[in-house]
Q: 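Provided herewith is a single structure, encoded as structure tokens, for subsequent inquiry.
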Amino acid sequence: MNKVEMFKKELHMHEEFSGLTRIFHWIRALCIFVLIATGFYIAYPFIASNPEMTQATLQGVIQGQVVTEQQVGAVSNSYLQAYIRSVHLIMGFVLISISFFRVYLFIFDKKSLPERVSFAQVKQPKVWLDTIKAYLFIGTHPHIDGAYNPLQFATYLCLGILVLLISLTGVVLYYNIYDDGLGAILAFCFKWVEVLFGGLANVRNLHHILTWAFVIFIPVHIYLAVWNSVKYPNGGVDAIVSGMRYTDDVKV
């Protein structure tokens with residue numbers, strides 16, 4: 001028997017993440033990246049048109065005068081903040097909608113059973129300790145029942161809480177600007193959030209702080225996901241693309 005045959009293992013393939021779970025993951029990731037980028041611009045609009053040229057162009061349109069191509073460009077730039085804000089609002093509501101569906105899948109979807117099973121080991125201190133030792137290179141990874149180890153499960157739970165808080169604060173900021181139609185309904189339902197945090201200024205500050213929490217979370221999440229895939233190459237990051245996990249006698 002040669003060395004190659006000695007290290008051959010029979011791997012078993014099973015579906016760990018359903019198609020909808022994977023689609024929602026990547027849509028939420030896209031929403032978060034776009035929301036961070038547009039949110040920074042809304043907070044600090046670093047691209048602006050020439051105010052004098054814009055005023056002259058608008059006045060020319062009102063008086064029916066001929067508008068040059070250069071002036072039209074200035075008018076387009078003058079609405080850049082509105083375009084960016086519109087994208088921010090759309091992606092925000094998409095994130096909220098997807099998050100609702102994601103929670104529904106976690107609770108009720110049969111294919112999400114591996115995720116629900118993960119909760120059992122969150123209550124086991126020994127599994128927590130062994131998992132942390134594995135991440136610190138001072139121990140082996142414990143056997144994991146389900147899709148996540150306790151550290152991953154706790155991290156994703158915190159992420160869910162972050163999404164909830166930033167969505168609530170975002171809704172408050174929305175209805176304070178757009179106070180008719182949907183905004184009026186949201187104000188009736190979520191005015192308590194504004195009161196709870198002591199006013200609109202505090203809500204806005206919290207919204208910004210939560211954004212930085214996402215900025216910190218993203219590189220840490222990517223690093224740990226890649227690290228786990230390299231150290232335990234049985235699916236890892238691939239699982240959130242293909243949905244499949246490959247295991248032998250021990251699942252990590």
Side-chain angles (χ1 to χ4, degrees), residues 3 6-33 35-36 95 98-99 102-103 105-107 109 111-166 209-252:
K3 290 185 178 180
M6 289 175 60
F7 288 99
K8 280 185 177 179
K9 291 183 179 180
E10 182 180 355
L11 298 178
H12 305 279
M13 182 178 69
H14 66 274
E15 186 177 38
E16 186 156 79
F17 299 111
S18 67
L20 283 177
T21 297
R22 302 195 307 272
I23 291 171
F24 287 167
H25 174 275
W26 292 111
I27 293 178
R28 287 202 302 170
L30 174 64
C31 288
I32 290 171
F33 275 109
L35 285 167
I36 289 173
L95 177 63
I98 291 295
S99 297
R102 185 66 182 86
V103 172
L105 289 178
F106 177 80
I107 298 174
D109 184 24
K111 292 185 177 181
S112 296
L113 180 61
E115 295 183 273
R116 295 193 293 272
V117 169
S118 303
F119 179 69
Q121 291 189 318
V122 175
K123 300 178 290 184
Q124 301 178 19
K126 186 179 185 305
V127 181
W128 271 94
L129 184 61
D130 291 342
T131 301
I132 294 173
K133 284 182 177 179
Y135 279 108
L136 295 177
F137 299 97
I138 57 177
T140 58
H141 203 293
H143 175 77
I144 298 300
D145 296 323
Y148 310 121
N149 63 47
L151 190 59
Q152 290 172 325
F153 191 93
T155 301
Y156 297 144
L157 177 61
C158 291
L159 177 63
I161 295 173
L162 279 177
V163 171
L164 174 62
L165 290 175
I166 205 166
I209 292 171
L210 292 171
T211 300
W212 280 105
F214 278 97
V215 172
I216 295 171
F217 168 81
I218 290 172
V220 174
H221 170 63
I222 293 174
Y223 170 78
L224 289 178
V226 173
W227 177 89
N228 197 67
S229 297
V230 172
K231 188 169 178 60
Y232 306 103
N234 59 347
V237 175
D238 298 341
I240 203 61
V241 178
S242 66
M244 298 301 173
R245 172 81 70 172
Y246 303 91
T247 60
D248 45 17
D249 56 334
V250 178
K251 182 179 179 182
V252 294

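All residue numbers refer to positions in the sequence shown, counting from 1. The basis for the numbers below is simple: all heavy atoms, side chains too, and nothing from hydrogens, waters or symmetry mates.
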Q: Between the side chain of Ser118 and the main-chain N/O of Gly146, is any donor-acceptor distance below 3.5 Å?
A: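 Not a single qualifying donor-acceptor pair exists.
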Q: Parallel, tilted or perpendicular: which fits the ring planes of Phe119 and Phe153, with parallel below 30° and perpendicular above 60°?
A: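 Phe119 and Phe153: tilted rings.
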Q: Is any side-chain heavy atom of Ser99 less than 4.5 Å from a side-chain heavy atom of Val103?
A: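 They are not in side-chain contact.
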Q: Residues two or more places apart in sequence or in another chain: which of them pass ring-ring contact (aromatic ring centres under 6.0 Å, His included) with Phe217?
A: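 Expected list: His221.
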Q: Would you please name every residue forming a side chain to side chain donor-acceptor pair (under 3.5 Å) with Arg102, sequence neighbours left out?
A: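 With neighbours one apart ignored, the set is Glu115.
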Q: If I take atom CD1 from residue Ile209 and atom CG from residue Leu165, how far apart are they, to the nearest 0.5 angstrom?
A: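 The CG atom of Leu165 is 11.5 Å from CD1 of Ile209, to the nearest 0.5 Å.
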Q: Got a list of side-chain donor-acceptor pairs under 3.5 Å for residues 17-26, not counting sequence neighbours?
A:
| residue | atom | partner | partner atom | Å |
| --- | --- | --- | --- | --- |
| Ser18 | OG | Thr21 | N | 3.3 |
| Ser18 | OG | Thr21 | OG1 | 2.9 |
| Arg22 | NE | Val241 | O | 3.0 |
| Arg22 | NH1 | Phe17 | O | 2.7 |
| Trp26 | NE1 | Ile240 | O | 3.1 |

Q: Nearest 0.5 Å, please: how far is CG in Leu162 from CG in Leu157?
A: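 Going from the CG atom of Leu157 to the CG atom of Leu162 covers 10.0 Å.
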Q: Mark yes or no for whether Arg28, through its side chain, and Leu95, through its backbone, hold a donor-acceptor pair below 3.5 Å.
A: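 Such a contact is absent between Arg28 side chain and Leu95 backbone.
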Q: Restricting to non-hydrogen atoms, name the atom on His141 and the atom on Asn149 that form the minimum distance, rounded to 0.1 Å.
A: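 Result for this residue pair: NE2-ND2, 3.6 Å.
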Q: Atom CZ of residue position Phe33 - does it have more than 12 heavy atoms of other residues, nucleotides or ligands inside 6.0 Å?
A: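 No, CZ of Phe33 has 12 or fewer neighbouring heavy atoms, counting only those of other groups under 6.0 Å.
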Q: Using atom types as modelled and distance alone, determine if a side-chain donor or acceptor of Trp128 lies under 3.5 Å from a backbone N or O of Leu151.
A: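 Not a single qualifying donor-acceptor pair exists.
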Q: For a quick test of reading the model, state the closest non-hydrogen atom pair linking Gln121 to Ile144 and the distance between them.
A: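 Shortest heavy-atom contact: OE1-CA, 3.4 Å.
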Q: Can you find a heavy atom in the side chain of Leu224 that is under 4.5 Å from one in the side chain of Tyr135?
A: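 Yes, close enough: below the 4.5 Å cut-off.
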